[in-house]
Amino acid sequence: MNKNRVEAFSDGVLAIIITIMIIEIKAPHENSFEALVPLIPIFLSYLLSFAYIGIYWNNHHHLFQATKTINGTVLWLNMHLLFWLSLIPFATSWIGEEHFASVPMSIYGFVLLMCAIAYNLLQNKLIHLHGEESILQQAIKKDKKGKISLLCYIAAIPLAFVSTWISGLLFIAVALLWIVPDRRIESLINKE
C-alpha cells in the first residue's frame, strides 16, 4: 500500500485540529488590554496544545519518512492516533475555560497519555512491519524519551488532584523534551 495518502490525510486532520483550537479562542468585546486578561489561561492552554500537535506532526512526518510500506493495521493504528489527537481541542478548551482545575487537567493528561500510547502502537507496528534491521528499529531502539513521556503522563493524571501546578509542569516538561525534533530517524535516512 502507498503511504502518501496516510501522510496527506494525517496532515489535513492535524491542520483541522489546530484550526478548531484557535476558533475556540473568542475575541473580547472590549477594546482594552484589560479585556485580554481573562483570555490568558485560554491562550496558555492553546500554546501548550499547539506545541503538542506540532510535536506529533513532526514525529509523524519522520516516522513515515522511514516507512516504505504500510498495511491495513497501520491504517487503523494511524486512525487510532488521530482519534486521540482530535480530542486535544476539547481538553484544551476545558483546561483554559476552567483555569487549569483538577478534573480538566486530569482529563487533559489522560488524552495526552492516550495519544502517546496510540503513537507507540503505530510506531511499534511499523517497526514490526519493516523488521529488526530497519531504519525505524535502529533509530528508536530503547526509546527513552517515549518511556519518560508515558511515565510523566501517568504521574500527572493523579497529581492533578494534588497540585495542578505539578501536573502542568509535567505536561510542559514532556513538551520541552520533544520540542527539539527527534533527529534519530532523520540522521539514519540521510546516511543511506
Side-chain angles (χ1 to χ4, degrees), residues 1-22 46-92 108-154 156 170-192:
M1 287 185 167
N2 190 321
K3 66 178 183 163
N4 294 337
R5 289 192 67 204
V6 173
E7 290 177 290
F9 180 75
S10 301
D11 287 349
V13 170
L14 293 172
I16 291 168
I17 290 169
I18 289 172
T19 303
I20 290 169
M21 286 191 317
I22 194 62
Y46 169 78
L47 181 64
L48 180 61
S49 293
F50 186 91
Y52 268 107
I53 296 298
I55 289 164
Y56 274 102
W57 176 78
N58 193 309
N59 286 313
H60 189 273
H61 170 73
H62 281 99
L63 189 64
F64 276 86
Q65 287 300 308
T67 299
K68 299 198 183 328
T69 185
I70 61 170
N71 63 15
T73 305
V74 170
L75 293 175
W76 281 110
L77 288 172
N78 192 69
M79 289 300 290
H80 180 238
L81 171 62
L82 294 175
F83 169 77
W84 289 107
L85 288 171
S86 74
L87 291 176
I88 288 178
F90 164 76
T92 302
Y108 187 78
F110 177 75
V111 169
L112 292 178
L113 173 64
M114 295 309 295
C115 289
I117 289 170
Y119 185 86
N120 280 326
L121 289 171
L122 175 61
Q123 176 180 270
N124 291 340
K125 180 59 182 176
L126 287 169
I127 289 170
H128 178 75
L129 188 63
H130 289 82
E132 294 298 315
E133 299 302 318
S134 67
I135 290 175
L136 287 172
Q137 176 61 31
Q138 292 174 39
I140 293 163
K141 292 184 182 169
K142 296 178 184 175
D143 194 23
K144 291 177 189 172
K145 285 170 63 170
K147 290 175 182 156
I148 290 168
S149 300
L150 287 171
L151 291 174
C152 286
Y153 296 141
I154 290 167
L170 286 170
F171 299 146
I172 292 168
V174 172
L176 291 174
L177 181 67
W178 287 98
I179 203 80
V180 174
D182 194 343
R183 290 182 170 79
R184 298 176 294 182
I185 294 172
E186 188 177 340
S187 65
L188 286 172
I189 288 174
N190 289 337
K191 285 182 183 177
E192 283 195 339

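Worth knowing before you read on, the calculation uses all heavy atoms, side chains too, and leaves out hydrogens, waters and symmetry mates. Keep in mind that what you see is a predicted model, and the values were worked out from it rather than measured.
- Rounding to the nearest 0.5 angstrom, the gap separating the CG atom in Leu47 from the CE atom in Met21 is 9.5 Å.
- Atom CD1 of Ile18 is separated from atom CD1 of Ile53 by 6.0 Å, given to the nearest 0.5 angstrom.
- Scored by the ring pair (Phe, Tyr, Trp, His ring centres under 6.0 Å) test, Phe90 finds Trp94 as partners (sequence neighbours excluded).
- Taking the side-chain contact (heavy atoms from CB on, under 4.5 Å) definition, one finds that Asn2 meets it with Asn4, sequence neighbours left out.
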Residue pair Phe64, Thr67: steps toward the side-chain contact (heavy atoms from CB on, under 4.5 Å) verdict: CA-CA 5 Å; Phe64 276 86; Thr67 299; 4.2 Å; yes

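- Residues satisfying the side-chain contact (heavy atoms from CB on, under 4.5 Å) test with Ala66, not counting sequence neighbours, are Ile135, Leu136, Ile185, Ile189.
- Distance check, rounded to the nearest 0.5 Å: CG of Leu170 to CG of Leu151 gives 10.5 Å.
- A pairwise comparison of heavy atoms in Gln65 and Glu7 identifies NE2-OE2, 3.7 Å as the closest pair.
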Scan the side chains in residues 108-122 for donor-acceptor partners under 3.5 Å anywhere in the protein, sequence neighbours excluded, and list what turns up.
unit_1: Tyr108; atom_1: OH; unit_2: Ser49; atom_2: OG; d: 2.8
unit_1: Tyr119; atom_1: OH; unit_2: Asn59; atom_2: O; d: 3.1
unit_1: Asn120; atom_1: ND2; unit_2: Ala116; atom_2: O; d: 3.3

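- In terms of heavy atoms, His130 sits closest to Lys68 at NE2-N, 2.9 Å.
- The side-chain contact (heavy atoms from CB on, under 4.5 Å) check on Thr19 picks up Ile23, with sequence neighbours excluded.
- Atom CG in Leu176 sits 13.5 Å away from atom CZ in Phe171 (nearest 0.5 Å).
- Note that the CG atom of Leu126 and the CD1 atom of Ile70 stand 8.5 Å from one another [nearest 0.5 Å].
- A pairwise comparison of heavy atoms in Ala175 and Ile55 identifies O-CD1, 3.5 Å as the closest pair.
- You'll find the side chain of Phe9 reaches within 4.5 Å of the side chain of Leu82, heavy atoms only.
- Across all their heavy atoms, Gln138 and Glu133 have their closest contact at NE2-O, 2.8 Å.
- A distance of 14.5 Å separates NE2 of His128 from CD of Gln123, quoted to the nearest 0.5 Å.
- Nearest heavy atom pair, residue Ser149 against residue Leu177, reads OG-CD2, 3.9 Å.
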Give every donor-acceptor pair under 3.5 Å between a side-chain atom in residues 74-81 and any protein atom, sequence neighbours left out.
unit_1: Asn78; atom_1: OD1; unit_2: His60; atom_2: NE2; d: 2.7
unit_1: Asn78; atom_1: ND2; unit_2: Ser10; atom_2: OG; d: 2.8
unit_1: His80; atom_1: NE2; unit_2: Trp84; atom_2: NE1; d: 3.2

Test side-chain contact (heavy atoms from CB on, under 4.5 Å) applied to Val174 and Lys145, step by step: CA-CA 9 Å; Val174 172; Lys145 285 170 63 170; over 6 Å; no

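- Using modelled atom types, one finds a donor on one side chain and an acceptor on the other under 3.5 Å when comparing His62 with Asn58.
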